[in-house]
Peer 1: 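My questions will all concern the structure given below.
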Amino acid sequence: MPTAPHAGIDRELLRQVGADVDRALAEDVGGGDLTAALVPDGEARATIVCREAAVTCGQPWVMETLRQVAPSAVATWHVADGARCAPGQAIVEIAGPARGLLTAERTCLNFLQTLSAVATSTALHVEAVAGTGAAILDTRKTIPGLRAAQKYAVRCGGGRNHRMGLYDAILIKENHIAAAGGLGAAFAAARRLGAGASFIQVEVETLDQLEEALQAGVSMVLLDNMSTAQIRLAVALAAGRCSLEVSGGVTLARLRELAETGVDRISVGALIKDIRAIDFSMRFQAAPVERACARQA
């Protein structure tokens, strides 16, 4: 059955989708598609197929690409964002102007292959911690210009978003602590100045720093590059007085043991920065629909 092209997408993300597609088409199409001009001007049908098992993502970007390049095109979606697909499964069928579909092809596939890769990677990490109570979060290690898109893909894969950028939350890290004159001073400044922040989090590298953070009243602590044994001790020391997040040195192989320590959150840069593109292809009918019908007649 067809699915709504923008189900679950807020207005701000839709604006970002438009900007993403504007940039992608500008770099790919430029002043015009010289090769598509060779094709007879008529209607065509095409199907986008996923060649491997994946969690699909990218529907709003595909729809926006079609809107800009082939506005009369009609897309029928068979797999929604966040849903799994099997190898060889048709994701969407598109009917529209042949030239426009050819021009849109690579941009559509680029968004699908990249965002589905993030969603698929995220789903693997979420599955690895199932039943432990630990949430999987992303980081700011994103492709420049595609942060909103990639964080949307993380959500499609079942993960959660950390802060979107430097503007919406405060994460006090080692260099902030050093520059501010200590953990307590940095956290006090954050509480004075961070009224608009969605949260204030402090990164610690030792158990002594964790104790200092607890004494200062920190409610969110990031345990950076700690061993599993240290993390277990940190959970016992915190004893529910703050939420604990693990970051640094996180691999899929190690993920389950980290989650079983009892931490609340695990942030994983690899969800986005270490992805492998998912293999999609767009298959056209041999000839535009009108020409094929004429031959049959």
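Note that the coordinates shown come from a computational prediction; the quantities given were computed from them, not determined experimentally.
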Peer 1: Any sub-3.5 Å donor-acceptor pair from R256's side-chain atoms to A130's backbone N or O?
Peer 2: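 Yes; judged by distance alone, with no hydrogens or angles, the pair exists.
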
Peer 1: Between R265 (side chain) and R160 (backbone), is there a donor-acceptor pair under 3.5 Å?
Peer 2: no

Peer 1: Can you tell me how far the CE atom of M226 sits from the CD atom of E205, to the nearest 0.5 Å?
Peer 2: 8.0 Å

Peer 1: Can you tell me if R147 has over 12 outside heavy atoms packed within less than 6.0 Å of its CZ?
Peer 2: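 Yes, enclosed.
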
Peer 1: Would V154 end up clustered with L13 when hydrophobic side chains under 4.5 Å apart are linked, directly or stepwise?
Peer 2: no

Peer 1: Do L222 and V202 sit in one hydrophobic cluster, given that two such residues count as connected whenever their side-chain heavy atoms are within less than 4.5 Å of each other, even indirectly?
Peer 2: no

Peer 1: Does any N or O in the side chain of S198 come within less than 3.5 Å of the main-chain N or O of D168, such that one atom is a donor and the other an acceptor?
Peer 2: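 Between the backbone of D168 and the side chain of S198 there is a qualifying donor-acceptor contact (under 3.5 Å).
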
Peer 1: Do S281 and R51 have side-chain N/O donor and acceptor atoms under 3.5 Å apart?
Peer 2: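 Short answer, yes.
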
Peer 1: Could you tell me the separation between the CZ atom of R283 and the CD atom of E105, rounded to the nearest 0.5 Å?
Peer 2: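 Rounded to the nearest 0.5 Å, the CZ-CD separation comes to 12.0 Å.
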
Peer 1: Given the rule in the side-chain contact (heavy atoms from CB on, under 4.5 Å) test, do L25 and T65 qualify, once you have shown the distances and angles that lead to the verdict?
Peer 2: CA-CA 8 Å; L25 291 174; T65 301; 4.2 Å; yes

Peer 1: If we only count heavy atoms from C-beta on, is the E93 to R45 side-chain gap below 4.5 Å?
Peer 2: no

Peer 1: Do T228 and R254 have side chains that get closer than 4.5 Å, going by heavy atoms?
Peer 2: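 Yes. Closest side-chain heavy atoms under 4.5 Å.
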
Peer 1: Under 3.5 Å, is there a donor-acceptor pair between the side chain of R99 and the main chain of V39?
Peer 2: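 Yes, R99 side chain to V39 backbone: donor-acceptor pair under 3.5 Å.
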
Peer 1: Answer yes or no: is there a side-chain heavy-atom contact under 4.5 Å between I91 and W77?
Peer 2: yes

Peer 1: Nearest 0.5 Å please: distance from the OG1 atom of T56 over to the CD1 atom of I278.
Peer 2: 10.0 Å

Peer 1: Transitively linked via ILVMFWY side-chain contacts under 4.5 Å: I94 with L102?
Peer 2: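 Cluster IDs for I94 and L102 match.
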
Peer 1: Rounded to the nearest 0.5 Å, what separation is found between the CG atom of D138 and the NZ atom of K151?
Peer 2: 3.0 Å

Peer 1: Within the side chain of H176, is there an N or O that forms a donor-acceptor pair under 3.5 Å with the backbone of K173?
Peer 2: yes

Peer 1: For the side-chain hydrogen bond (donor to acceptor under 3.5 Å, both in side chains) test, which of D20, N110, T107 pairs with W61?
Peer 2: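 Result: among D20, N110, T107, D20 is the only option passing the side-chain hydrogen bond (donor to acceptor under 3.5 Å, both in side chains) with W61.
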
Peer 1: Quick check against the 3.5 Å criterion: does D264 have a side-chain atom that pairs as donor or acceptor with the backbone of A135?
Peer 2: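 No: the side chain of D264 does not pair with the backbone of A135.
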
Peer 1: Give a yes or no on whether V21 and V118 share a hydrophobic cluster (residues Ile, Leu, Val, Met, Phe, Trp, Tyr; joining criterion: side-chain heavy atoms under 4.5 Å apart).
Peer 2: no

Peer 1: Testing the basics here: between A119 and C57, what is the closest heavy-atom pair and its distance to 0.1 Å?
Peer 2: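 Result for this residue pair: CB-CB, 4.0 Å.
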
Peer 1: Can you tell me how far SG of C50 sits from CG of L112, rounded to the nearest 0.5 angstrom?
Peer 2: 8.5 Å

Peer 1: Just checking, any donor-acceptor pair under 3.5 angstrom between side chains of E211 and Q215?
Peer 2: yes

Peer 1: What closest approach, in Å, do L223 and A234 show between heavy atoms, and which atom pair accounts for it?
Peer 2: CD1-CB, 3.7 Å

Peer 1: Checking R191 side chain against A188 main chain: does a donor-acceptor pair fall under 3.5 Å?
Peer 2: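 Side chain of R191 to backbone of A188: no pair is present.
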
Peer 1: Considering only heavy atoms from C-beta outward, does the side chain of C242 approach that of V218 to under 4.5 Å?
Peer 2: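 In short, these two side chains do not touch, never coming nearer than 4.5 Å.
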
Peer 1: Give the C-alpha distance, both sets of side-chain angles, the deciding distance and a yes or no for side-chain contact (heavy atoms from CB on, under 4.5 Å) between F187 and I170.
Peer 2: CA-CA 10 Å; F187 182 61; I170 295 175; over 6 Å; no

Peer 1: Are any of the side-chain heavy atoms of Q150 and T114 separated by less than 4.5 Å?
Peer 2: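 Result yes, sub-4.5 Å side-chain heavy-atom pair found.
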
Peer 1: Decide yes or no for V204 and L183: does some side-chain heavy atom of the first lie under 4.5 Å from some side-chain heavy atom of the second?
Peer 2: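 A side-chain contact exists here, since the closest heavy-atom pair is under 4.5 Å.
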
Peer 1: Check the hydrophobic clustering (I, L, V, M, F, W, Y; side-chain heavy atoms under 4.5 Å; chains of links allowed) and say if I275 and L115 are grouped together.
Peer 2: no

Peer 1: Does the side chain of R140 reach to within under 4.5 Å of the side chain of L166, using non-hydrogen atoms?
Peer 2: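 SC-SC contact between R140 and L166 confirmed.
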
Peer 1: If you apply the rule side-chain contact (heavy atoms from CB on, under 4.5 Å), what do you find for R163 with Q201, and how did you get there?
Peer 2: CA-CA 11 Å; R163 56 180 177 166; Q201 186 176 36; over 6 Å; no

Peer 1: Can you give me the closest heavy-atom contact between A169 and A197, atom names plus distance?
Peer 2: CA-CB, 4.0 Å

Peer 1: On a heavy-atom basis, which atom in I200 and which in A190 lie closest, and how many Å separate them?
Peer 2: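 So the two residues come closest at CD1-O, 3.6 Å.
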
Peer 1: Just by distance, do the side chain of K141 and the backbone of L271 share a donor-acceptor pair under 3.5 Å?
Peer 2: no

Peer 1: Atom OG in S247, atom CG in N225: separation rounded to 0.5 Å?
Peer 2: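 With rounding to 0.5 Å, OG (S247) is 7.0 Å from CG (N225).
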
Peer 1: A quick test of your reading: do over 12 heavy atoms of other residues, nucleotides or ligands sit less than 6.0 Å from CG of L34?
Peer 2: no

Peer 1: Are side-chain heavy atoms of I231 and L258 found at a separation under 4.5 Å?
Peer 2: yes

Peer 1: Between A128 and L255, what is the shortest heavy-atom contact and its length?
Peer 2: CB-CD2, 3.9 Å

Peer 1: Should the heavy atoms of other residues, nucleotides or ligands under 6.0 Å from CD of E127 be counted, would the total exceed 12?
Peer 2: yes

Peer 1: How far apart are the closest heavy atoms of M220 and S243, and which atoms are they?
Peer 2: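 Shortest heavy-atom contact: CG-OG, 3.5 Å.
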
